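Report on the structure given below.
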Amino acid sequence: MSAAARPTMSLKHLELFSQGAIDLIERADLSLRLGSGRALRVKFGMDPSSPDLHLGHCVQLFKLRALQRAGMQIVLIVGDSTAMVGDPSGRNKLRPQLTRAEVEANLETYISQVSKVLDMQRTEVHRNSEWFDKMRFEDVLQLASRMTVARMLERDTFQKRVGDNEPIGIHEFLYPLMQGWDSVMIRADVELGGSDQLFNLIVGRHLQEQTGQTPQVVLTLPLITGFDGRKMSKSYDNSIPLTDSAREMFHKVLRVEDKNVKQWLELLTEVEPAEIERLCAGDWRDAKDRLASEITGFFHGRQSLDDVREAPSMPWPDPTADRMPLANLIKQLGLSASTSDARRAVQQGAVTLDGTVATDPVFQVERARLPLLLQLGKRRAARILPPT
RNA sequence: GGGGAGAUACUCAAGCGGCCAACGAGGUCAGACUGUAAAUCUGAUGGCACAGCCUUCGGCGGUUCGAAUCCGCCUCUCCCCA
């Protein structure tokens, strides 16, 4: 648990950095910097472009957590300016630009979610509007002149869009430059990102070199996939948001494909490597259960695991009503997105009351019957208690 | 600047005056089966205290008993030429 970075530890640290990495550019350079014995400035940027973080982001965050514990200085960049541009990485479409108000709203939830993984007391946080808001057009032009269009168009994502007759906004070319400029401004030693970020990270090296800094070490980590096998992403709707209830999170994690269980254990938990080997050699059920328990326990606390197997308690939603139609009750408990949705679930036999299937959406649930166990499918349930 | 094509629900994509809350596919949700998995089969998939009503087909107006479908203007995108 020693947090001091001493030269003698540099080899161990090198291992810590490179574990699980896809790209490490340049390894020798990292080794050299570690040898200096100082706390390296490790940059990680996130755009508050959607309100919630999900497990995909956590691959990076867990690595940062380990590095932070090893005494590295984590520098978190909240991309409030870049969020208004939208990262074109992996995008086959023009991303809608966010307004400043939307970005502000997302930013707050981000920080609180990151604090579950990182010690924010020891984390340096910057918004990139700190420097971008001060730039004049002249400065923007100068930054833009540091990169060529040909170089930009090398990116597969842009190539693909050109091929598919999809629009590319000029402002999208600015995105990698902005991200790279962040590195210059905070004098990053290392920048961490998903493997799809390689191009952007390399631009950071390029810009640092041009401005007389030593280019940062670039470290990319694997992207984990969502339910559908594609990169886990909010926009593909295949992600596991950190805001999920313990129950939702647990069950979604259980749906991970068998072949990814090991990777998730390595990237998203702090289970010892030897233990991971042991788990993966055994029954998948146990490995998955452990994985889901680790992840859910980490974000919601160990005691939440009881709630996963038991239904969480919720009060009767409308204290003034003596009875409510089943569908409306489900909606008001927040177990379904809409009343119509609840009705459909009921009609399809997905809902049980105290273990008995209820198929009538307008069935009147009496308040006098409380407490009552209501289950909707396998993943949603509530123990309804009388109002206090 | 000139010419052509297009904008439909989470995504892709049919529909081209009433039978349209809108074919189909993917996704998602649920049921069966299972390992609370995957695969497979089945059903559902705008909202509403729901046999009815309300709001949707880029936007605003118009024609019509009736418009996603016809007309006008606007916004946005792609392609070809300059």
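Since we're looking at a predicted model, the values are computed, not measured. All chains are named by letter (A, B, ...) in the order of the sequence lines, taking the proteins before the strands, and each is independently numbered beginning at 1.
Taking every heavy atom of residues 365-382 of chain A and every atom of RNA chain B, pairs under 4.0 Å involve G377(A), K378(A), R379(A), R380(A), by number. Listed by residue number, the members of residues 333-344 of chain A with any heavy atom below 4.0 angstrom from RNA chain B are S338(A), T339(A), S340(A), R343(A), R344(A). Against RNA chain B, the stretch residues 259-282 of chain A makes no heavy-atom approach under 4.0 Å.
Within the structure, salt bridge (Lys or Arg N to Asp or Glu O under 4.0 Å) contacts touching residues 326-341 of chain A (residues at least two apart or in different chains) are D341(A)-R344(A).
On the P atoms, rC19(B) is 11 Å away from rA67(B), given to the nearest whole Å. Comparing the C1' positions of rU56(B) and rC80(B) gives an interatomic distance of 36 Å, to the nearest angstrom. Separating the P atom of rU40(B) from that of rC50(B) is a span of 39 Å, rounded to the nearest Å.
Rounded to a whole Å, the CG atom of L329(A) is 16 Å from the P atom of rC50(B). Taking atom CZ of F158(A) as the reference point, atom C1' of rC78(B) lies 17 Å away to the nearest angstrom. What separates CD of E257(A) from C1' of rA37(B) is a distance of 10 Å, to the nearest Å. Rounded to an integer number of Å, the gap from I330(A) CD1 to rC50(B) P is 16 Å. Residue L291(A) contributes atom CG, which lies 14 Å from atom P of rA38(B) at whole-angstrom precision.
With 3.5 Å as the limit, one finds no donor-acceptor pair spanning the side chains of Q364(A) and R323(A). At a cut-off of 3.5 Å, with distance as the only test, no side-chain donor of Q208(A) or H206(A) sits close to an acceptor on the other residue. Checked by atom type, the side-chain pair S195(A)/D23(A) shows no donor-acceptor distance below 3.5 Å. Checked by atom type, the side-chain pair Q179(A)/E191(A) shows a donor-acceptor distance below 3.5 Å.
Ring geometry for F62(A) against F298(A) counts as tilted: the plane angle lies between 30° and 60°, on a 0 to 90° scale.
A salt bridge does not link K160(A) to E166(A): none of the charged side-chain nitrogens sits closer than 4.0 Å to a carboxylate oxygen. Using a 4.0 Å cut-off between charged side-chain N and carboxylate O, E270(A) and R65(A) make a salt bridge.
Taking a pair as Watson-Crick or G-U with both hydrogen-bonding distances under 3.5 Å, the stems of three or more pairs touching RNA chain B are B:1-7 with B:75-81, B:10-12 with B:24-26, B:27-32 with B:40-45, B:46-48 with B:52-54, B:58-62 with B:70-74.
The base of rG43(B) sits with one of its N or O atoms less than 3.5 Å from a complementary donor or acceptor on the side chain of Q348(A).
R33(A) pairs by the salt bridge (Lys or Arg N to Asp or Glu O under 4.0 Å) definition with D29(A), D189(A), not counting sequence neighbours.
A cation-pi contact, defined as under 6.0 Å to the ring centre and within 45° of the axis, is absent between R161(A) and F158(A).
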